[in-house]
Protein chains: 2
Amino acid sequence: MNTIDKIQKNLANFSKSERKVAEVILAEPQIAIQSSIATLAKMADVSEPTVNRFCRRLDTKGFPDFKLHLAQSLANGTPYVSRHVEASDSPESYTGKIFESSMAALDSAKQSIDPQLVNRAVDLLTQAKQIHFFGLGASAAVAHDAQNKFFRFNVPVICFDDPLMMRMSCINAGEGTVMVLISHTGRTKALVEIAALARQNDAHVIAITTKDSPLARESSIALTMDVPEDTDLYMPMASRLAQMVAIDVLATGFTLRRGARFRDNLKRVKEALRESRYEKVSL
Amino acid sequence: MNTIDKIQKNLANFSKSERKVAEVILAEPQIAIQSSIATLAKMADVSEPTVNRFCRRLDTKGFPDFKLHLAQSLANGTPYVSRHVEASDSPESYTGKIFESSMAALDSAKQSIDPQLVNRAVDLLTQAKQIHFFGLGASAAVAHDAQNKFFRFNVPVICFDDPLMMRMSCINAGEGTVMVLISHTGRTKALVEIAALARQNDAHVIAITTKDSPLARESSIALTMDVPEDTDLYMPMASRLAQMVAIDVLATGFTLRRGARFRDNLKRVKEALRESRYEKVSL
DNA sequence: CATTTAAATGTAGTTTAATTACATCGGTGG
DNA sequence: CCACCGATGTAATTAAACTACATTTAAATG
């Protein structure tokens, strides 16, 4: 947990002198991490051991260890007290906040994704005769992106954002088909039904969704991530960013599994785009 | 600059013993920040002053100061020495790296985006009678996503990923039309031509692209971001993540500008989705 | 190839910072 | 009003980091 937040939260529990220390640190954390225990004690107008006790109260080994933790939490961001956009925010402010919260969401996704499941999903994908990506609403864009990525691998790949088309493609699916269903909530009825239908037709179903959701239960492999829900109105749907990165991870695993010769092929796909572009003039 | 990167970059400049220190730190940075100078010296099999000299060479005041810098750069990410995926990477490793590099890309985009231009773009968007989003290839998914977002605002919005359709819509565009063109390189010929065509028809053109690109020059407002290029093969195209977040920023600015009554409307759009979902059972 | 010189590294001593043990102050309940 | 406990400070101790200097190693020149 973030040290600054922790100090803030414990303000009430501190003793009088410890609170003085806390306030000095909160006021100028950057100064604090560069100070010795003596300097900081003087700034807070307390004794050195009080500063030391303060550090211990925050579950650190001592003053140097505390500085380390503080330094990390400063680097980690929270340059904005809150990452939530307020109606009064300036363009500078909301721009920063949105990037911040997007990064925080990716971090949270990273912490919660299971690389072992990634690995098993890659297993399925590399053996697939055809791959289908399905997504509705905001996740449709992710499915499109996935198609664009996997298409380069020279695998039969298709993407649908229409439940009827999805149903139809399930009927024709078989052993060799891998369906990747993308849904943040994992509660979209249409998609959950399609997962079931696909499995009845012996297709493998990989879900990119939330833990313990109906969709996760209907899938062969549920690649789940914890992404903070978009509780307030302004907050963009960070989930689709995490989903895209998850697709990147699968694509990377796929590439790695396929070996060196396959990668030459990829390079050629990239080069094929060159003609459609204006030359970059080197200075 | 990130301390870990700095060490990596200077590896060649170090002396033999200093390199030993560098290697120990790079191998286990988390251990390093918790060690005393004596412990670290023993781990690297060098003397204490050597460690100290190593710290100074990296422009720090001494060992404690160095640890502080290192701690910050660890918090900032780069738990992996390199963010580049290697052929030998395990699932844990490449999963982590891809999330890391995505976050790093967003950070870089955040640093380089100009909030004043965001503000001007929002000006245009709020006054638009209709909004068109154009993107080709990987950026097509971003355009779709943008459509999905702005559609909720009850503005006439459309998205094309087909150059012919784009051209046609330019002809019918006029004063009140805002075109948002999305292209990482800003060198895709088809898209640059469309920017010019749109402007000839008095439409406003907002480009989400790279600085100093042909597309940026053809636009009314060029919202540019520095995103590390996908130099190596495994690296996913982080640019589309940055583009999506940029769209989020514009959408947020749009919402804020429209005021409170408009936001009620948004809430209703969200609620309209509820029926299509399975209820969340609270435990 | 020997010799000189400079750079690199280590050793031991010094200084500074952090911690501990203990004393004192201040408030609270009996 | 006093006894006790928690909070705080003082002074001594310990540990860490740094400096000055000695030694080694490598490079360069005659």
Side-chain angles (χ1 to χ4, degrees), chain A residues 3 6-74, chain B residues 3 6-74:
Chain A
T3 305
K6 209 164 167 181
I7 297 176
Q8 204 111 38
K9 215 176 129 196
N10 280 318
L11 261 182
N13 304 337
F14 291 139
S15 73
K16 199 169 23 165
S17 306
E18 283 170 343
R19 199 168 314 134
K20 280 202 252 177
V21 179
E23 273 156 16
V24 169
I25 291 170
L26 288 178
E28 298 178 300
Q30 284 295 348
I31 308 272
I33 56 170
Q34 288 180 28
S35 310
S36 72
I37 196 167
T39 321
L40 198 62
K42 207 169 281 175
M43 285 201 287
D45 195 30
V46 298
S47 71
E48 300 184 20
T50 300
V51 176
N52 200 288
R53 284 187 278 260
F54 168 83
C55 298
R56 299 241 161 104
R57 195 169 294 273
L58 284 126
D59 305 315
T60 61
K61 282 168 70 183
F63 183 69
D65 188 40
F66 168 77
K67 284 210 290 189
L68 243 43
H69 282 262
L70 185 59
Q72 295 212 345
S73 85
L74 284 180
Chain B
T3 304
K6 209 164 167 181
I7 297 175
Q8 197 102 38
K9 216 176 129 197
N10 280 318
L11 261 182
N13 304 337
F14 290 139
S15 73
K16 197 169 24 165
S17 305
E18 283 170 342
R19 197 165 317 132
K20 281 202 250 176
V21 178
E23 274 156 16
V24 169
I25 291 170
L26 290 178
E28 298 180 298
Q30 284 295 349
I31 308 272
I33 56 169
Q34 288 180 26
S35 311
S36 71
I37 196 168
T39 321
L40 197 63
K42 206 169 282 175
M43 284 200 288
D45 195 31
V46 298
S47 70
E48 300 185 20
T50 300
V51 176
N52 199 287
R53 284 187 279 261
F54 168 83
C55 298
R56 298 244 161 103
R57 195 171 293 272
L58 283 124
D59 304 315
T60 61
K61 282 168 70 184
F63 183 69
D65 188 41
F66 167 77
K67 284 210 291 189
L68 242 43
H69 283 261
L70 185 60
Q72 295 212 345
S73 85
L74 284 180

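Every chain is numbered from 1 and lettered A, B, ... according to where its sequence line falls, protein lines coming before strand lines.
Side-chain nitrogen and oxygen atoms of Lys20(B) include none within less than 4.0 Å of the OP1 or OP2 phosphate oxygen of dT9(C). Taking side-chain N and O atoms only, Thr50(A) has a distance below 4.0 Å to OP1 or OP2 of dG9(D). For Arg57(B) and dA8(C), the shortest distance from a side-chain N or O to OP1 or OP2 is not below 4.0 Å.
Here Leu26(A) contributes atom CG and Arg19(A) contributes atom CZ; the two are 12.0 Å apart, rounded to the nearest 0.5 Å. The structure places CZ of Phe66(A) at 3.5 Å from CD1 of Ile25(A), a figure rounded to the nearest 0.5 Å. Atoms CZ and OG, on Arg53(B) and Ser15(B) in that order, are 8.5 Å from each other to the nearest 0.5 Å. Between the NZ atom in Lys67(A) and the OG1 atom in Thr60(A) there is a gap of 12.0 Å [rounded to 0.5 Å].
In the set dA17(D), dT8(D), dA18(C), the nucleotide with an atom closest to the side chain of Asn52(B) is dA17(D). Taking the side chain of Val46(B) as heavy atoms from C-beta on, and the options dG10(C), dC18(D), dT20(C), the nearest nucleotide is dG10(C). Side-chain proximity of Ser17(A) to the nucleotides dT8(D), dC18(D), dG10(C) is greatest for dT8(D). Taking the side chain of Arg56(A) as heavy atoms from C-beta on, and the options dA16(D), dT20(C), dT11(C), the nearest nucleotide is dT20(C). Considering only the side chain of Phe63(B), dC18(D) comes nearest among dA11(D), dC18(D), dT8(D). In the set dG9(D), dG10(C), dA17(D), dG10(C) carries the atom at the smallest distance from any side-chain atom of Ser47(B).
In this structure, the CG atom of Asp45(B) is 12 Å from the C1' atom of dT9(C), given to the nearest Å. Computed from coordinates, the Ile33(A) CD1 to dA17(C) P distance equals 17 Å when rounded to whole Å. In this entry the distance linking CZ of Phe14(A) with C1' of dG6(D) reads 17 Å, nearest Å. Atom pair Arg19(B):CZ and dT9(C):C1' shows a separation of 15 Å (rounding to whole Å applied). Rounded to an integer number of Å, the gap from CD1 of Ile37(A) to P of dG9(D) is 13 Å. Rounded to an integer number of Å, the gap from Leu68(B) CG to dA16(D) P is 17 Å. Distance CD (Glu18(B)) to P (dA8(C)): 8 Å, rounded to an integer number of Å. As rounded to whole Å, 11 Å separates atom C1' of dA7(C) from atom CZ of Arg53(B).
Nearest-nucleotide assignment on DNA chain C puts the 5′-proximal partner with Ser15(B), out of Asp65(A) and Ser15(B). Along DNA chain D, the nucleotide closest to Lys16(B) and the one closest to Lys16(A) are compared, and the more 5′ of them pairs with Lys16(A).
Looking at Thr39(B), its side chain never comes within 3.5 Å of a backbone N or O of Ser35(B) through a donor-acceptor pair.
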